Each structure stands twice: as structure tokens, then as C-alpha cells.
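Scroll down for the structure; my scribbles are underneath it.
The first residue in the sequence is number 1, and the count goes up from there. Only a predicted model underlies this, so the values are computations on that prediction, with no experimental measurement involved.
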Amino acid sequence: MNDDYHLVPEFPAPETYVSLRDAAGMPPRSLAAAERGVPNTIFGVRVVFEGATGDEIVGMGRLVGDGGTVFQVVDVAVHPDHQGRGLGTRVMDALVDYLDREAPPSTFVNLLADVDGYYERWGFEPTAPASKGMFLRVGEDGVRGRDEN
């Protein structure tokens with residue numbers, strides 16, 4: 001990694017998390033959701049850029065789950081101004097290194113990604129046709145909507 005970039009084994013604060021997701025073009029997360037969810041990170045890293053105007057967090061990634069039977073790789077992002085320097089690879093290397101050290105045998109590790117041909121280098125495989133990935137996004141009115149009566 002370039003000397004101006006340092007990988008720190010600590011996940012960013014909720015405000016930075018929301019901002020970096022937005023900058024990277026990822027689906028938004030509310031600050032309220034981030035304030036509740038980020039503290040539940042099992043392991044996370046941030047990439048710090050030491051620029052002329054001070055330190056700036058320009059990348060991140062984290063693991064969530066129960067710490068034993070299942071982990072999920074989430075929130076791997078690099079600010080567009082700093083992409084193309086291998087920073088996302090360094091983030092993933094750190095997350096997989098953690099799994100190699102800490103995850104017990106038979107642990108299931110999953111991820112959802114909008115990128116083809118990237119995560120396979122760490123051993124990730126498509127689940128289909130053996131299983132089907134699904135998701136549910138909670139809206140302003142909850143999962144089923146709020147009953148006004």
C-alpha cells in the first residue's frame with residue numbers, strides 16, 4: 001500500500017460510514033440505522049489517507065454476524081478519488097485474514113455484491129443454483145407498512 005495510506009483495524013464512526021457509502025455510490029443508510037448497527041461490527045477496518053490537509057478516511061470494510069456460525073462481508077467501499085490503488089483488495093485481505101484466524105470450521109461466510117469477478121479471488125462463489133440469495137429492505141413504513149387505525 002502506498003505510504004500515504006494506512007489500514008487501521010477499526011471501523012469508522014457512523015457519520016463517516018454514511019458519508020463514505022454515499023461517496024462510493026452505495027445504497028444509502030440512515031444515520032439512525034448506522035448508529036445502531038455500526039457498534040455491532042465483529043471486525044472492521046478503515047483506510048486512512050495522510051494528505052496535506054490531514055488524515056481522511058477513504059476506505060472501509062467490515063464483518064457482521066454471530067461470530068461463530070455465520071459472518072457476512074459488508075460495507076466494502078473506497079472513495080472514488082482513491083480507487084484504483086489496490087485499497088479495496090487490502091481491505092478484503094484484512095477481512096479474510098481475520099476469518100482465517102478467528103472463524104471456526106464450518107462457518108458460513110456470505111456477501112452480496114454488485115461487482116462480478118472480484119470476490120472470487122478470496123474463494124467466494126455464486127450460490128445459485130444450489131441456493132438463492134434474497135433480500136428485504138425495510139422502508140419508512142416498516143416491513144409491512146404501518147397500520148394507521
Side-chain angles (χ1 to χ4, degrees), residues 1-104 106-140 143:
M1 194 178 310
N2 181 308
D3 288 338
D4 294 337
Y5 296 95
H6 299 282
L7 196 69
V8 178
E10 183 176 292
F11 198 70
E15 297 82 6
T16 303
Y17 161 79
V18 169
S19 176
L20 189 52
R21 281 185 63 90
D22 181 56
M26 297 172 76
R29 298 289 186 263
S30 70
L31 183 56
E35 288 171 339
R36 187 182 292 186
V38 165
N40 296 311
T41 299
I42 293 173
F43 175 75
V45 296
R46 62 183 178 204
V47 178
V48 179
F49 173 66
E50 295 180 10
T53 59
D55 291 354
E56 177 186 3
I57 298 172
V58 299
M60 64 182 179
R62 68 186 181 130
L63 298 169
V64 297
D66 66 14
T69 65
V70 67
F71 287 85
Q72 186 171 23
V73 175
V74 295
D75 303 319
V76 175
V78 175
H79 191 285
D81 293 346
H82 300 270
Q83 291 177 359
R85 294 177 172 95
L87 302 176
T89 297
R90 300 290 184 181
V91 167
M92 279 301 299
D93 284 346
L95 298 178
V96 171
D97 286 348
Y98 178 88
L99 292 167
D100 283 343
R101 286 189 318 271
E102 302 295 333
S106 82
T107 297
F108 185 80
V109 182
N110 64 67
L111 63 82
L112 295 173
D114 300 331
V115 179
D116 288 329
Y118 181 72
Y119 294 98
E120 289 82 354
R121 70 181 93 173
W122 291 280
F124 289 91
E125 303 173 19
T127 59
S131 61
K132 184 187 320 182
M134 302 172 135
F135 78 96
L136 171 68
R137 190 177 316 267
V138 177
E140 292 291 323
V143 173

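The CG atom of L20 sits 8.5 Å away from the CD1 atom of I57 when rounded to the nearest 0.5 Å. Of the inter-residue distances, the one linking M92 atom CE with R90 atom CZ reads 14.0 Å to the nearest 0.5 angstrom.
Between L99 and V109, some side-chain heavy-atom pair lies under the 4.5 Å cut-off. A heavy-atom distance below 4.5 Å is found between the side chains of V47 and V91.
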Distance-only donor-acceptor pairs under 3.5 Å for side chains of residues 24-35, two or more places apart:
residue, atom, partner, partner atom, Å
S30, OG, A33, N, 3.0

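Listed here is the closest heavy atom pair of T41 and G44: CG2-N, 3.7 Å. Across every non-hydrogen atom of T89 and Y118, the tightest pair is N-OH, 3.0 Å. Taking both residues in full, the closest heavy atoms of G67 and I42 are given as N-CD1, 3.5 Å, listed atom of the first, atom of the second, then distance.
Residues meeting the side-chain hydrogen bond (donor to acceptor under 3.5 Å, both in side chains) test with D93, sequence neighbours left out: W122. Partners of A113 under the side chain to side chain contact (heavy atoms under 4.5 Å, CB included) rule, at least two apart in sequence or in another chain, are L111, Y119. Every residue two or more places apart in sequence or in another chain that forms a salt bridge (Lys or Arg N to Asp or Glu O under 4.0 Å) with E10 is listed here: R46.
Around atom CZ of R121, more than 12 heavy atoms belonging to other residues, nucleotides or ligands sit under 6.0 Å away. No more than 12 heavy atoms of other residues, nucleotides or ligands lie within 6.0 Å of CG in D114, so this atom counts as exposed by the packing criterion.
Contacts classified as side chain to side chain donor-acceptor pair (under 3.5 Å) and involving residues 124-133 (residues at least two apart or in different chains) are not found. The side chain to side chain donor-acceptor pair (under 3.5 Å) pairs that include a residue from residues 67-79 are Y17-D75, R21-D75, R62-D75, D66-T69, Q72-N110, where partners are two or more places apart or lie in different chains. Every pair passing ring pair (Phe, Tyr, Trp, His ring centres under 6.0 Å) that includes a residue from residues 36-62 is listed here, sequence neighbours excluded: Y5-F49, F43-Y98, F49-H82.
With V64 as reference, V74 is the one residue of N40, V74, V38 to meet the side-chain contact (heavy atoms from CB on, under 4.5 Å) rule.
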